[in-house]
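Starting from 1, each residue takes its place in the sequence as its number. Model, not experiment: these values are computed from the prediction.
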Amino acid sequence: MKQIIVGLGEALWDVLPEGAKLGGAPANFAYHTSQFGYEAVAISALGNDALGDQTLKEFDQRGLRYIMPRVPFPTGTVAVELDDQGVPTYDIKTDVAWDNIPFTPEVEEAAKTCRAVCFGSLAQRNETSRNTIMQFLDTTPMNCLKIFDINLRQNFYSREVICDSLRRCNILKINDEELIAIGRMFGYPGLDIENKCWLILGKYDLDMLVLTCGTNGSYVFAPGTKSFQSTPRVEVADTVGAGDSFTATFTTAILSGMPIAEAHKLAVEVSAFVCTQKGAMPVLPPDLASRIQ
């Protein structure tokens, strides 16, 4: 069977000031991956409600494959408020469908044919989805690329979840604020950001660590390698989904054989474009989408 790239975790609606937009980091990741011509699948769970129906309708319109069992919980929503710079804050509703993702035979089959999977900490706040995510990761082929896009939100994470995820991933993606939180959690707050990154890279035997620092640029650390890219100045509409587009671009570029520095540069350019658009899933212009073969 053809290998697939999977976004695994929360599927939800971002309720923005101008209205509701489909989002959720794994769905955003899968959608942007598919824009580069890769076979991508979003895996989550939806409620038996109008928002669940609308989710599938929008995925169908975008041509995105999905495995989203309907469960007896409401489809997830997040109230999003944007500051003057377009930076979001989130109020994430609990006891929703994506907290209860079942490990179905279809999900298991996707794991067995998975070339890369992106997952985070948020969908692990509930035991049901956490068990599904761990079981999925443990079912993937040995050469599967596992990206832990940590995405710390509110208080929906724990040391145990972070440690188990780090032990299972090849690539960690984290931002500067999350790095501070993890430094406190693991007891090395005195180190500068680069030394923290090198320490985590070595401690968990990671292939790469991606650190994003907002307007202060981003880094990729790998054994014997460091890449830095400055953040382009653009007119920001909102930053919702920009990080997910970065992760999707970087992942597909690495899978295509692109060197780390080139993959990093393209990820920054795509993320900057997404910042100029409303919502998490804009269509990429051909000059960006055609850069990965």
Side-chain angles (χ1 to χ4, degrees), residues 7 9-36 40 42 51 54-55 57-64 75-93 118 120 122 149-154 173-178 210-218 229-253 263-292:
E10 63 272 16
L12 48 82
W13 287 78
D14 292 315
V15 183
L16 295 149
E18 68 272 16
K21 291 185 180 293
L22 183 60
N28 297 340
F29 170 86
Y31 172 69
H32 286 295
T33 298
S34 72
Q35 292 202 80
F36 292 107
L51 271 184
Q54 185 62 28
T55 302
K57 181 179 177 181
E58 294 221 6
F59 284 157
D60 287 338
Q61 288 173 345
R62 288 178 164 90
L64 178 62
T75 298
T77 56
V78 178
V80 183
E81 292 187 5
L82 304 175
D83 66 15
D84 293 340
Q85 283 73 49
V87 177
T89 56
Y90 305 93
D91 178 17
I92 304 168
K93 306 307 178 185
C118 183
L122 180 57
D149 190 354
I150 194 166
N151 270 340
L152 301 183
R153 294 285 185 263
Q154 295 172 209
K173 179 170 175 283
I174 191 168
N175 67 34
D176 49 353
E177 293 180 357
E178 292 165 340
V210 180
L211 172 68
T212 58
C213 303
T215 57
N216 295 318
S218 57
Q229 288 286 330
S230 59
T231 301
R233 293 181 178 274
V234 296
E235 187 172 335
V236 175
D238 68 56
T239 63
V240 179
D244 304 322
S245 71
F246 181 111
T247 310
T249 305
F250 186 77
T251 299
T252 51
H264 186 190
K265 183 175 185 296
L266 180 57
V268 167
E269 292 177 20
V270 169
S271 178
F273 169 78
V274 172
C275 285
T276 68
Q277 308 297 302
K278 290 284 189 182
M281 297 186 187
V283 175
L284 296 180
D287 65 307
L288 289 176
S290 64
R291 297 261 292 278
I292 297 175

Minimum-distance pair of heavy atoms, taken over all atoms of [X] and [Y]:
{"X": "Ala27", "Y": "Ala42", "result": "CA-CB, 4.1 Å"}
{"X": "Glu178", "Y": "Asn151", "result": "OE2-CA, 3.3 Å"}
{"X": "Val234", "Y": "Cys275", "result": "CG2-CB, 4.3 Å"}
{"X": "Leu22", "Y": "Leu12", "result": "CD1-O, 3.6 Å"}
{"X": "Pro26", "Y": "Glu10", "result": "CD-O, 3.3 Å"}
{"X": "Phe29", "Y": "Gly7", "result": "CD2-CA, 3.9 Å"}

Are Thr55 and Trp13 side-chain neighbours, meaning at least one heavy-atom pair lies under 4.5 Å? yes
Compare all side-chain heavy atoms of Val274 with those of Asp244 and state whether any distance is below 4.5 angstrom.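 Counting from C-beta outward, Val274 and Asp244 never come under 4.5 Å.
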Residue of the set His32, Gln277, Gln35 for which side-chain contact (heavy atoms from CB on, under 4.5 Å) holds with Ser245: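 So, applying the side-chain contact (heavy atoms from CB on, under 4.5 Å) to Ser245 and each of His32, Gln277, Gln35, only His32 qualifies.
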Please assess Val268 against Phe246 for the test side chain to side chain contact (heavy atoms under 4.5 Å, CB included), listing each intermediate value before the final yes or no. CA-CA 6 Å; Val268 167; Phe246 181 111; 3.8 Å; yes
Under 3.5 Å: donor-acceptor pair, side chain of [X], backbone of [Y]:
{"X": "Ser271", "Y": "Ala267", "answer": "no"}
{"X": "Gln154", "Y": "Ile92", "answer": "yes"}
{"X": "Thr252", "Y": "Thr33", "answer": "no"}

When rounded to the nearest 0.5 angstrom, what is the spacing between [atom1] in [X] and [atom2] in [Y]?
{"X": "Cys213", "Y": "Asn175", "atom1": "SG", "atom2": "CG", "answer": "8.0 Å"}
{"X": "Ile150", "Y": "Ile174", "atom1": "CD1", "atom2": "CD1", "answer": "4.5 Å"}
{"X": "Glu58", "Y": "Lys21", "atom1": "CD", "atom2": "NZ", "answer": "8.5 Å"}
{"X": "Ser34", "Y": "Leu64", "atom1": "OG", "atom2": "CG", "answer": "5.5 Å"}

Would you give me the side-chain donor-acceptor pairs under 3.5 Å for residues 280-292, sequence neighbours excluded?
{"unit_1": "Ser290", "atom_1": "OG", "unit_2": "Pro286", "atom_2": "O", "d": "2.8"}
{"unit_1": "Arg291", "atom_1": "NH1", "unit_2": "Glu269", "atom_2": "OE1", "d": "2.9"}
{"unit_1": "Arg291", "atom_1": "NH2", "unit_2": "Glu269", "atom_2": "OE1", "d": "3.1"}

Taking atom CD of Gln61 as the centre, report whether more than 12 heavy atoms of other residues, nucleotides or ligands fall under 6.0 Å from it. yes
Across all chains, not counting sequence neighbours, the ring-ring contact (aromatic ring centres under 6.0 Å, His included) partners of Phe59 are Tyr66
Tell me, with the steps shown, if Asp60 and Arg62 meet salt bridge (charged side-chain N to carboxylate O under 4.0 Å, His left out). CA-CA 5 Å; Asp60 287 338; Arg62 288 178 164 90; over 6 Å; no
Taking side-chain hydrogen bond (donor to acceptor under 3.5 Å, both in side chains) as the test, write out the residues that go with Thr212, two or more places apart.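 Applying side-chain hydrogen bond (donor to acceptor under 3.5 Å, both in side chains) to Thr212 gives none.
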